[in-house]
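Numbers restart at 1 for each chain; the letters A, B, ... are given by sequence-line order, proteins then strands.
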Amino acid sequence: ARNDTLVVVTGTTINSLDIHRSGTNRPSYQVAVNCYDRLLTFGHKQLEDGSLSYDYDNLQPELAESWEVSEDGRTLTFKIRDNARFWDGKPVTAHDVKWSFDRAVTLGGFPTAQMAAGSLEEPEQFEAVDDKTFRIRLPHSSKLTLPDLTTPVAIVINSEVAKVHATDQDPWATEYLHRNPAGSGAFKVERWDSGQQLVYSRNDDWACGPVPKIQRVIIREIPSQSTRRALIERGDVHFSQSIPAKDARELEAAGKVKVVSTPIENCLHVLCTNLNFEPFQDKKVRQAIAYAVPYEAIFNNAAYGRGVPMWGGDSTKPESTAWPQPFPYSQDMEKAKALMAESGHADGFSVPLSFDLGQADWAEPTALLIQEALGKIGIKVSLNKVPGANWRTVALVEKSLPLHLENFGGWLNTPDYYFYWAYVKGNLFNSSNYDNKEIAGLVDETLYMAQDDPKYAPNIRRMIEIAIDDVPRIPLYQPSLNVAMQQNTGGYEYWYHRQLDVRPLTLKQD
Amino acid sequence: MSLSSVKNFARHARYVMTENPVTALAALLFLLIVIAAVAGPALVPYDPMATDGSRALQSPSWDHWFGTDHLGRDVFSRVVVATRLDLMISLAAVAMAFVIGSAMGAVAGYFGGWADRITGRLLDTIMAFPLFVLAMGVVAAAGNTIENIVYATAIINLPFYARMARAEVNIRRNAGFVQAARLSGNGDWRILAQHIFPNTLPPMMVQISLNMGWAILNAAGLSFIGLGVRPPTPEWGIMVAEGANFIVSGEWWLAFFPGVALMLAVFTFNLLGDGLRDLVDPQRRT
Amino acid sequence: MVRVPKRLRLVGYRLLQAIPVLIGIVVVSFLLTRALPGDPAVYFAGPAASEESIEQIRVSMGLDRSLPVQFFAYVGDLLRGELGQSISTGQPVLTELTTRLPASLELTGFALLFSIAVAMPLGILAATRPNSWIDHLCRFVVTAGVSLPTFFTGLALVYLFYFLLGWSPAPMGRLDILYLSPPHVTGFYVIDALIDGDFETARAALAQLILPAVTLGLFTLAPIARMTRAAMLQVLEGDFIRTARAAGLSGNKVLYTYALRNAILPVITTLGMVFSFALGANVLVEKVFAWPGIGSYAVEALVVSDYAAVQGFVLSMALLFVILNLLIDVTYTLVDPRLGMED
Amino acid sequence: MDIKALTVEFGTRRGVVDAVRQVSVTVAKGETVGIVGESGSGKSVTSYAVMRILDRAGRIAGGSIVFGGINVGKADERTMRDLRGREMSMIFQNPRAALNPIRSVGRQIDDVLIEHSLATRADAREKAIDVLKAVRINDPESRYHAYPFELSGGMCQRVVIAIALACRPQLLIADEPTTGLDVTTQKAVMDLIRELTAERNMSTLLITHDLGLSAAYCDRIVVMEKGRVVEEADTATLFADPQHPYTRRLLQATPRLDSKVADLLPEEDSRRRTPSARPPGEALLRIQDLVKVFPGKDKGDEYRAVDGLSFEVRCGESLGLVGESGCGKSTTSSMIMRLLDPTSGSIQFNGEDIGAVPGKRFAGHPARAGLQMVFQDPTDSLNPRWSARRSISDPLMRLGNVRGSALRAKVEALAEMVGLPEHLLDRFPHQLSGGQKARVGIARAIALEPKLLILDEPTAALDVSVQAVVLNLLVELRERLGMSYLFISHDLNVVRLLCERVLVMKAGRIVEQGSAEHLLDRPEHPYTRQLLAAIPHPPSSPPRVSSESEDSVIAARWP
Ligand SMILES: Nc1ncnc2c1ncn2[C@@H]1O[C@H](COP(=O)(O)OP(=O)(O)OP(=O)(O)O)[C@@H](O)[C@H]1O
Ligand SMILES: Nc1ncnc2c1ncn2[C@@H]1O[C@H](COP(=O)(O)OP(=O)(O)OP(=O)(O)O)[C@@H](O)[C@H]1O
Ligand SMILES: [Mg+2]
Ligand SMILES: [Mg+2]
């Protein structure tokens with residue numbers, strides 16, 4: 001039986017089987033990916049290194065057999081597959097889609113915010129025209145809506161089953177779905193021992209794609225990173241998700257297991273200055289820091305060369321709209337010192353550099369290197385590890401960390417989407433408290449604009465130009481998502497949501 | 001203290017050591033640790049904080065006796081320099097626990113009654129927490145500064161001293177020499193402080209030395225779960241904890257040397273206990 | 001005879017004594033959790049949540065109320081047997097505790113078994129030959145055991161016995177992937193598998209247990225061995241040992257029936273302490289061996305300020321502690337006829 | 001049994017110590033031989049060597065011990081094990097400690113019987129009960145299941161004897177079998193041993209420091225000093241005509257019915273003192289209806305340790321207080337000393353009711369310095385971490401307000417007064433002998449020149465020879481400082497040496513009082529008579545035979 005069972009190790013805990021529930025953590029999203037279907041999905045493409053990735057430019061049907069966009073782009077009509085059935089045999093209908101979308105926009109929290117990114121904000125927008133036809137009305141056309149329908153949030157739930165378990169206090173059956181997924185996806189949850197493992201077993205009747213090759217997938221949670229490495233290296237597990245960069249480099253060099261590293265789209269590891277703090281309000285100080293950061297050392301010693309350098313760009317005026325792209329800074333202590341001297345803080349100052357305990361594996365060496373380098377331009381840095389629970393509060397909600405390491409990445413792969421979250425005042429990931437009227441205006445104008453709109457490219461370039469000049473966020477590098485697998489394991493595909501999609505995986509018989 | 005009593009004490013110390021070779025070994029190691037703590041920063045060949053990407057993760061060699069870590073820092077220098085901090089953490093934590101704990105215990109044991117009952121329940125409450133978890137809680141709640149680590153360690157060590165002091169004082173509170181002290185016009189507090197308490201010291205010494213070792217381990221454990229001393233301060237526990245992730249990839253020296261240092265220190269403290277007791281026990285004097 | 005009621009009364013008195021401790025624990029755990037940094041509402045709301053949704057969740061979790069109100073609500077829940085829901089694992093705390101506690105107890109129990117099996121003979125050996133080289137060696141060995149940070153020992157053992165030698169199974173928790181967990185009876189896999197008659201699974205569960213148990217056990221050798229030695233030494237000096245020897249009793253009879261049984265009393269007390277100590281040390285060992293126990297649960301919960309989970313954990317530990325002390329008292333009264341008879 | 005030129009060595013921290021040197025003793029069948037000598041003279045070590053149960057550090061370095069044809073020094077451990085218990089056995093001091101505290105006494109006897117194949121598991125119980133019967137334990141069937149803590153000291157000693165005699169050995173070694181028991185129980189136990197050994201025609205080796213005891217029970221006596229035998233003779237001969245000066249000193253130090261304090265020391269000893277007869281002054285201390293009730297665990301079992309005591313001590317008077325162990329003597333003295341608060345009654349000292357001042361606050365009371373006490377156990381009463389000098393200084397500093405060089409001089413003067421060599425002042429208690437510790441205690445007590453000194457069995461822990469010196473010292477101090485004594489003891493004979501008037505106490509009450517002479521010669525209360533009869537006497541004053549049966553004596557103590 002071992003031949004059609006795939007064993008995956010991860011370091012994180014799956015805490016719910018329902019992505020819509022509040023409190024559900026990121027690792028749990030994989031259940032939505034593997035056990036539920038969405039209306040749409042992306043096709044895939046082969047990257048330069050030969051590995052597979054989803055293709056942002058290639059929308060494909062999943063539950064929807066076909067879809068139509070109205071002239072004005074404000075009405076989307078989907079035809080549901082005839083043969084699509086939930087696990088209990090009930091056909092998937094437009095009513096299920098409506099119920100699920102209603103649920104996502106009503107429950108609040110993350111699912112609602114993510115739906116809103118696609119301009120999907122209230123139940124009235126969704127209509128089940130008939131059993132197999134589903135319609136969405138948009139307040140305005142948006143290039144983000146269709147991609148947003150591929151996210152793990154936009155899943156379709158078996159509404160009949162859910163309604164049976166709904167109560168007055170809990171009209172959306174969160175308690176039930178939390179433990180009992182009810183989907184139509186390629187895998188069902190066979191067993192879930194919270195904190196230990198999750199076992200998927202194949203849904204042989206899956207209609208929305210080729211039936212997976214693998215019968216069972218066991219996701220084992222192993223908190224110790226070195227144990228995970230030992231397990232994959234000794235061949236006791238097939239697949240290790242999200243391995244540290246160092247392991248990726250060494251395992252690849254050793255050649256016993258396959259390592260795939262994919263630069264994470266629309267994601268940056270950045271050093272954020274917080275403009276609420278006096279020294280950082282001075283652009284010169286920010287630039288001085290950007291010139292003092294030891295990019296090379298960080299890339300080699302913290303990222304182990306995995307990822308894409310984001311320093312040493314050619315010009316301060318970007319030519320392309322590619323995002324992320326290297327900023328034109330690199331370590332130049334003379335310049336840094338000169339800028340410091342010019343600034344109002346010639347004598348330097350003291351500041352704590354904070355990072356998330358959960359990100360320590362790259363953030364800690366990075367922070368140490370930055371600490372040492374900034375010391376040389378007179379900025380005395382102390383390090384501050386913030387435990388996970390507190391991180392989101394102090395960094396993102398209160399935005400009270402003067403200097404910190406951040407790693408936001410947007411799911412939807414457009415620069416304006418990134419800018420929306422990270423550079424617009426008040427938005428969650430703008431932990432710098434950066435406030436620039438022009439960027440805010442540009443983002444507002446561009447966010448829903450189609451990419452082939454003539455104003456799109458200049459707008460984007462302008463945003464990037466301002467970001468380069470103002471540097472509230474100093475990009476360090478674009479990180480990679482690293483995974484390791486046995487030689488007999490194949491079919492791995494990178495996804496923007498960074499969850500393991502187990503559906504295409506294969507296992508060579510040995 | 002007169003010269004002769006100093007001499008006497010030295011003779012006694014020598015005797016204690018010759019009688020028990022393990023104590024002598026422990027004393028030697030302790031001396032080594034103290035030297036490293038006092039003179040460490042002056043002795044080491046490299047700046048323990050200086051990173052250098054070009055020499056990251058080198059295995060032990062002539063230049064770097066204990067190798068270098070992932071940021072190219074010299075492990076030997078870091079291990080030596082860490083001695084001071086570790087020694088300070090354990091000394092401070094144990095001193096605090098000892099002073100407060102034994103005072104509480106002594107009062108409870110001597111006066112009995114309500115004082116005793118309240119202290120007893122308080123200690124039971126502390127003891128009912130798995131101690132390491134309590135330390136975690138305190139540090140998590142108050143923040144992981146060195147002071148908080150010391151406080152947390154002191155809190156979890158406190159019950160041991162309190163209980164011990166209570167028991168030791170209790171068996172002596174009606175001893176003949178205490179009655180005699182009363183007749184001599186000593187008040188309760190003076191009797192407790194001058195007559196009874198010093199007599200409880202020998203068994204406490206063993207506890208102190210055990211706890212010193214334990215305090216270091218505790219700090220190391222906190223580091224392992226990410227609540228310990230903040231980087232880049234060199235501290236054995238955090239070095240082992242960080243180095244642990246490198247064991248499987250073959251960079252054993254990262255965890256090994258600080259681990260050995262940690263072990264040696266704890267080991268020394270533990271072994272020192274019996275010797276210390278013999279040293280402060282007048283009964284053993286000749 | 002009057003012995004039984006007197007002892008019963010002693011046990012009852014102990015139970016009564018536990019009440020203020022439990023109250024203390026409830027208060028301390030409540031205050032401790034509220035002192036934790038981080039806002040559970042923010043955490044619970046998930047990424048990209050808006051301020052209103054955070055506020056909404058704060059209200060639904062009751063965190064907008066004043067501390068005393070929260071405390072009484074908490075106590076009220078407790079009295080109804082409600083421990084609440086853990087936000088980090090999404091499970092009711094009670095379920096988590098009932099599945100995880102046996103795992104920790106199994107680990108700790110085996111560790112102590114191992115530790116006793118090694119430490120007591122060492123202690124006896126050392127006590128019968130005080131200040132000999134054997135004595136020094138024993139002291140050396142057990143001290144070495146307690147000097148190593150448990151996580152370091154654990155990792156080293158994993159590296160050696162799993163990674164390099166391959167003797168031990170993958171450190172992936174309580175049971176290898178190949179096996180299904182045995183039907184739940186006691187929650188201890190080894191015992192449950194044996195009850196089920198499934199020796200294969202029992203063997204596999206045992207194999208998983210060995211390394212973590214040894215790691216934890218090494219750490220607890222020292223107190224047990226030291227106490228055994230000290231108690232044995234003291235007892236062996238006793239007049240009644242001399243009487244027994246003068247009456248011509250054999251060496252073994254004197255050593256085991258006379259000396260050891262007397263020396264065991266302080267050792268039992270130490271065992272109780274060591275047990276609660278080991279439960280604390282579990283936290284680290286569980287993390288290394290991916291052991292789904294209560295310790296690793298507590299760490300996670302603490303780090304994410306999971307109030308209900310931390311409180312539930314602390315309470316269950318306190319109850320365990322009270323039960324343990326009771327057990328020790330009962331054992332004491334079984335071994336020591338004097339108990340409850342003297343003042 | 002024949003011991004020839006036995007030498008026993010101990011390896012200690014300061015090299016090898018000869019505890020026993022060239023000792024030769026023979027014990028014939030049916031004979032009772034006593035070994036006497038002061039503490040540390042090697043009596044116990046000799047007997048341990050015979051049993052071969054020396055400590056690990058000890059070793060038979062020379063000589064031979066032949067027992068029934070077997071050379072004990074050379075025999076292997078198996079033979080020895082068989083020999084022990086079966087051929088020779090031993091009774092120890094402190095019977096309670098000599099029994100396994102957590103094993104029922106019956107089982108302990110079983111163990112011995114089974115070990116020596118005298119019983120099987122099946123019939124062990126029955127045989128053990130027989131053994132218990134033989135040592136006259138009441139109700140042996142139920143006592144079989146008793147644990148040592150459930151038995152009185154005397155009963156424990158009977159059980160120890162039962163264990164020793166279970167295998168019907170040829171030789172019984174009794175090492176101070178009665179220290180720790182009070183006089184009446186001592187007599188009962190010794191009589192039992194005598195009876196049993198006579199019945200079975202056993203040899204007995206009785207080790208004691210009490211010459212009176214050995215005189216009463218031994219055929220022959222061996223006197224040991226510093227590890228050597230200095231004299232050996234028939235009991236009668238020894239007492240009539242002691243040869244060795246050490247023996248003579250020992251004999252002399254043993255109080256007899258007619259001896260005076262001074263007689264206890266050799267004539268040439270400068271420390272001899274004779275009390276002068278002075279008319280008693282006015283009442284210094286007046287006790288009225290003093291009661292002390294100790295609360296028990298339950299309401300019902302509170303204990304009246306002192307039950308309505310009234311007496312007075314006059315200025316310059318020495319009052320004796322006697323009674324068996326546990327009758328409330330120490331409780332009374334603690335109350336007078338204001339270490340313990342009485343339940344009711346008054347304590348008037350110098351006309352002031354000091355009983356009304358709580359003990360807690362008495363430390364600062366002006367009368368504190370006038371009331372001092374010498375404790376029963378000199379070791380326990382000295383702070384082990386303090387040198388003798390510091391112990392003696394303590395009251396002077398606290399209450400006398402003496403500091404600096406004056407303090408030094410005063411302490412040295414006190415040391416001289418109690419006969420403590422100056423160089424001992426800087427020693428710690430464990431470096432002093434029992435007699436020396438007693439002197440430190442006395443020096444401390446008289447440092448403030450108290451009006452009333454209570455002596456709570458000040459010599460109970462001391463050897464007779466040391467006791468003699470201490471008693472004379474007390475006489476001298478009283479003459480010099482004009483103090484009043486309340487002398488507490490369980491030994492009427494000792495009390496008489498020092499006191500003009502004696503109170504006899506039983507169960508918290510006074511049963512008889514009068515002048516010392518009168519009480520000794522014509523005791524009226526039966527209890528007083530019992531106490532007197534129980535004291536063993538050296539032959540020069542033949543022991544009086546008690547009319548009471550021993551069982552009633554024991555019953556008197558354990559109701
Ligand atoms: N284990 C030992 N190690 C070293 N010296 C010892 C040991 N046991 C006894 N001695 C020494 O042997 C000497 C004789 O001791 P022993 O116990 O025979 O005296 P004793 O005559 O029985 O005295 P007591 O009346 O106090 O019982 C003492 O000086 C003592 O210090
Ligand atoms: N603190 C106490 N609590 C309860 N009972 C006590 C206490 N102190 C003494 N007793 C009891 O009071 C009685 C008298 O004790 P006390 O010490 O006065 O006797 P004693 O005559 O001095 O005896 P000994 O000759 O053995 O010293 C004893 O039965 C004792 O058990
Ligand atoms: Mg003796
Ligand atoms: Mg007394």
Side-chain angles (χ1 to χ4, degrees), chain A residues 1-2 5 7 9 13-18 21-26 28 107-114 116-117 178-179 191 193-197 218 220-224 226-231 233-234 236-237 357-358 386-394 396-398 421 427-429, chain C residues 36-54 56-57 60 85-91 95-96 99-100 103 151 154-155 158-159 162-163 166 169-178 180-181 286-290 292-293 296-297 299-300 302-306:
Chain A
R2 232 187 158 163
T5 300
V7 183
V9 282
T13 295
I14 292 171
N15 76 352
S16 174
L17 305 183
D18 176 11
R21 178 177 166 274
S22 39
T24 299
N25 62 6
R26 208 177 269 271
S28 313
L107 276 176
F110 166 69
T112 305
Q114 185 62 45
H178 166 49
R179 258 174 283 269
R191 110 179 243 174
D193 304 318
S194 159
Q196 297 179 62
Q197 62 177 355
I218 300 173
R220 271 267 171 149
E221 293 168 14
I222 309 288
S224 159
S226 64
T227 305
R228 289 202 299 280
R229 167 150 176 192
L231 288 168
E233 220 176 325
R234 280 196 52 91
D236 283 329
V237 298
L357 183 62
V386 182
N390 205 9
W391 178 256
R392 194 174 294 151
T393 312
V394 291
L396 304 181
V397 176
E398 292 169 3
W421 283 113
N427 282 355
L428 192 73
F429 293 98
Chain C
L36 289 174
D39 184 343
V42 172
Y43 182 85
F44 201 55
S50 62
E51 305 243 334
E52 311 89 83
S53 62
I54 291 173
Q56 210 178 318
I57 281 167
S60 76
Q85 183 111 355
S86 155
I87 55 172
S88 56
T89 66
Q91 306 290 316
T95 337
E96 287 280 1
T99 55
R100 283 167 177 273
F151 57 89
L155 288 166
V158 168
Y159 182 61
Y162 167 65
F163 191 71
M172 294 210 288
R174 301 181 75 183
L175 211 49
D176 195 84
I177 297 158
L178 290 176
L180 287 176
S181 53
E286 284 174 8
K287 211 167 140 81
V288 172
F289 290 92
S296 44
Y297 178 61
V299 180
E300 298 305 324
L302 255 179
V303 171
V304 301
S305 298
D306 189 343

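With a threshold of 4.5 angstrom between heavy atoms, Ser194(A) approaches chain C through its backbone and through its side chain. Heavy-atom distances place no part of Glu398(A) under 4.5 Å from chain C, backbone and side chain included. Residue Leu302(C): no heavy atom, backbone or side chain, is found under 4.5 Å from chain A. Heavy atoms of Gln85(C) lying under 4.5 Å from chain A belong exclusively to its side chain. In this structure, chain C has no heavy atom under 4.5 Å from any part of Arg228(A). In this structure, chain C has heavy atoms under 4.5 Å from both the backbone and the side chain of Ile222(A). Heavy atoms of Tyr162(C) lying under 4.5 Å from chain A belong to its backbone as well as its side chain.
Side-chain contact between Leu155(C) and Ser226(A): present, with at least one pair of heavy atoms (C-beta onward) separated by less than 4.5 Å. Under the 4.5 Å side-chain criterion, counting only non-hydrogen atoms from C-beta, Met172(C) is in contact with Leu231(A).
Ser224(A) and Lys287(C) make their closest contact through CB-O, 3.8 Å (heavy atoms, listed as atom of the first residue, atom of the second, distance). The shortest non-hydrogen separation linking Arg234(A) to Phe163(C) is NH1-O, 3.0 Å. The shortest non-hydrogen separation linking Thr227(A) to Val288(C) is OG1-O, 3.4 Å.
Considering only heavy-atom pairs separated by less than 4.5 Å from chain C, the leading option among Ala116(A), Gly358(A), Pro223(A) is Pro223(A).
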Dump the intermediate steps for side chain to side chain contact (heavy atoms under 4.5 Å, CB included) on Ser296(C) and Glu221(A), then the final yes or no.
-> CA-CA 12 Å; Ser296(C) 44; Glu221(A) 293 168 14; over 6 Å; no
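Considering only residues two or more places apart in sequence or on other chains, Arg21(A) meets the side chain to side chain donor-acceptor pair (under 3.5 Å) condition with none of them. For Gln196(A), the side chain to side chain donor-acceptor pair (under 3.5 Å) test picks out no residue, with sequence neighbours left out.
Distance OG1/Thr99(C) to CG/Asp193(A): 8.5 Å, rounded to 0.5 Å.
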